[in-house]
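Order of appearance sets the numbers: ligands from 1, and atoms from 1 within every ligand. A quick note: this is a predicted structure, and the numbers were derived from the prediction, not measured.
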Amino acid sequence: MPLPKRIPRSGSAKSKDASSVVTQRILANRYAVEKKLGSGNFGTVWMVKDSKAKDEKEKKKALKEIPVGDMQPDETLEASHEAKLLRNLDHPGIVKFYDSFIDGEFFCIVTEFCDGGDLGSKIVEYRERSQHLQEGQVLEWLIQLLLAVQYIHDRRVLHRDLKSNNIFLRNNMVKLGDFGISRILMGTSDMASTFVGTPYYMSPEVLKHEGYNSKSDVWSIGCILYELVTLDHAFQGQSLMGIMYKIVEGDLPPWPEEYSNDLGSVFTRICEKDPAKRASASEALKLPYISKQMEMLKNTMMGKHIAKAQRDTVNRESKQLATALKENQRIEEIRRESEEQKWKNLSPRERMRLRKQMEADMKAKRIEVEMQQQFLANKASYSENKQHQNPFETQLLNAHWAKSRSKSTGAPPAKGSASNRQHSQPDISRPMTAPLGGSYERHAADEESDEDSSDDDVIIPHRHTMHGYRDDRPITPMQNTMIYNPDRSSLDFKDGIPETPDLAETYYSQFEDDFEAEAEDDGEATLVAAEETEDLIHYMQTALNQADTTLRSSTMVADDSTLDAFGPSVRDIRIKNLRAEAGRKLGASQFEQVYQYLKRVRFPSVPSAASTLNEGEIMRGLRQIVNNPNDCFIVDQLLFLEAQADMSNKL
Ligand SMILES: Nc1ncnc2c1ncn2[C@@H]1O[C@H](COP(=O)(O)OP(=O)(O)OP(=O)(O)O)[C@@H](O)[C@H]1O
């Protein structure tokens, strides 16, 4: 959508180059427009720098400008109200909503900037490179999506427009974005959005006009899951109607054999045609395959997170040590300079004695430095080893996690976390210290819990690592099928995230290549990633702890309509209502023209040129009858229901 020319505002920043006076656009006195990210059906999105951001990591933001033309302020009230609701959503899997305001003829929405772009574009990239996504990666994103959807449903919020283009990536975490404000402003319904977009993600109940509910969001997640594994849409057809029929009447598409049947069953559960039988987001998270993978993902993330925190500490300490050494050196130089003066005045015997004494001092200093360096190296190797933990160590990790989290956030350890649980296994939460360069053994006395143990204490697993430490851990059997596919020249982890630590490491390193390189490697990105990882782990832990199997989200959501049996009488009433509504909207004569035109092109009695028109051509045809073809969608729905009624009457 072309952006109208803007008059530079007062306070606009100017380029330093006077020869090319470029005026930077600043909105709401704080958002400096940096670059265009793209345009969609409803407006244009810009990357902006927020001069009033609370901290560095929130400086970059995305600003969407939606033209509202001559709308009166009260007409944008609903959008402002929606914006207020969205501001309260705070979850690592949801694009943070910061601000909304009206600027001239635009309604502006300010959100978190996602450096990885949207998932739809990522899928297109993969398809164009003829690559596929690893099952582990698909699972990781699916779990993140389900957690985010569970979060909004618990807060009685429905997304209503979940599709891969509305899911964004930041630090390789997926985030739900683009909640329905644009559609509210445009006055378009859920159904009408198919006219400006696509019906690929719309659920059967929505297409059958039975009302949108929380399960409709879950259906869309199922369509996104299918898109992730096939890089194509789950339901396809030659025309809009064709796609709609596939969704409502057709079978689920075949599950690709490259991906596990376990994941295929998850797809079947979240893409049940009948919303009453379809799993809710929280039920999907409790499916055995998902919860097992979530537990592993959580542990791996926790291990990595803690290891990173410890590496940071080691780096900080190394820096402090280097500074202290430099300072020592400088003092030493000053001393030497003054000594040299004295030196000249000494007798040869006195000089000899002093030289010996200085050599002894230097040797002692060297040993001291080496010891400190050895200590830091041990700590670093401990951090590395922590990523290669066995299930027994998970308990320790949980305890360490809960402790470090409550320390850093002041929050109590998550309910059910290791530190809150009664230990049924031997407690390994007591860290062991080891003599420098010595071997590391666990003693009987160490089996007792010690809450006061210092974070600086070190445990070294019993395995011969690259640093030469002994490691007696049993090697766990390989539980993941690993397939090497020469065409793809990469490892396939068919069953998701491998359980064996070494494989898990290999598995993760693949994504590091793929995605971490894309993430900005600055302090800001790292900081955000660390905070979000913490939050995500917390949500995963909470989901895993939720023992209740009661239906929660699906019955709590505000506009969950009770799903009525879609019997003939209900359908007839709906048809009657739609007819009346369309007549009111279009006027009797235009309604008749549109109805006849759409009937001819959608359901030709004999194949004709009209039956091969694509959606763009149909839109052009409608424009010759009405000003706004969007108004005709209701007629499309009417025809769709009438055709359904016709079919069931013939049965
Ligand atoms: N928060 C964001 N961070 C980074 N990029 C974004 C953000 N929001 C949108 N974009 C990018 O801006 C472009 C336009 O997005 P927009 O949401 O307006 O359109 P769309 O999703 O393509 O279509 P639609 O209008 O149907 O939602 C897309 O390329 C999208 O990836």
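- Shown in contact with K64 at under 4.0 Å from a heavy atom are these atoms of ligand 1, numbered in order with element: 16 (P), 17 (O), 18 (O).
- With ligand atoms numbered from 1 in the order given, ligand 1 contributes 28 (C), 29 (O), 30 (C), 31 (O) to contacts under 4.0 Å with heavy atoms of D118.
- Counting heavy atoms under 4.0 Å from ligand 1, residue K175 does not touch it at all.
- Taking only nitrogen or oxygen atoms, main chain and side chain alike, S39 does not reach within less than 3.5 Å of ligand 1.
- Atom CG of L146 and atom CD1 of I221 lie 6.0 Å apart (nearest 0.5 Å).
- Among the atoms of V95, none of the N or O lies under 3.5 angstrom from an N or O of ligand 1.
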Task: Derivation and outcome, salt bridge (charged side-chain N to carboxylate O under 4.0 Å, His left out), residues K59 and D50 - done: CA-CA 5 Å; K59 231 176 168 53; D50 180 3; over 6 Å; no

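- If you look at D178 next to ligand 1, the close heavy atoms, those under 4.0 Å, all belong to the side chain.
- Contact annotation for C114 and ligand 1: heavy atoms of both the backbone and the side chain come within less than 4.0 Å of the ligand.
- Looking at E112 against ligand 1, only its backbone comes within 4.0 Å, counting heavy atoms.
- Annotation: cation-pi pair R155/Y151 present, NZ/CZ under 6.0 Å from the ring centroid and within 45° of its normal.
- Judged by the 6.0 Å distance and 45° axis criteria, K61 is not positioned over the aromatic ring of Y31.
- Taking each of F168, W46, F113, F97 in turn, the one with a heavy atom nearest to atom 6 (C) of ligand 1 proves to be F168.
- Remark: R269 fails to qualify as a cation-pi partner of F267 under the 6.0 Å distance and 45° angle criteria applied to the six-membered ring.
- Residues that satisfy the salt bridge (charged side-chain N to carboxylate O under 4.0 Å, His left out) test with K96, not counting sequence neighbours, are absent from this structure.
- Atoms of ligand 1 found under 4.0 Å from any heavy atom of K163, numbered from 1 in the order shown, are 26 (O).
- In this structure, the side chain to side chain contact (heavy atoms under 4.5 Å, CB included) partners of K599, at least two apart in sequence or on a different chain, are Y595, L639.
- Note that R160 lies in the cation-pi zone of Y212, set by a 6.0 Å cut-off to the ring centre and a 45° limit from the axis.
- Contact annotation: for N166 versus ligand 1, heavy atoms closer than 4.0 Å belong to the side chain alone.
- Of all the heavy atoms of T111, the ones lying under 4.0 Å from any atom of ligand 1 belong exclusively to the side chain.
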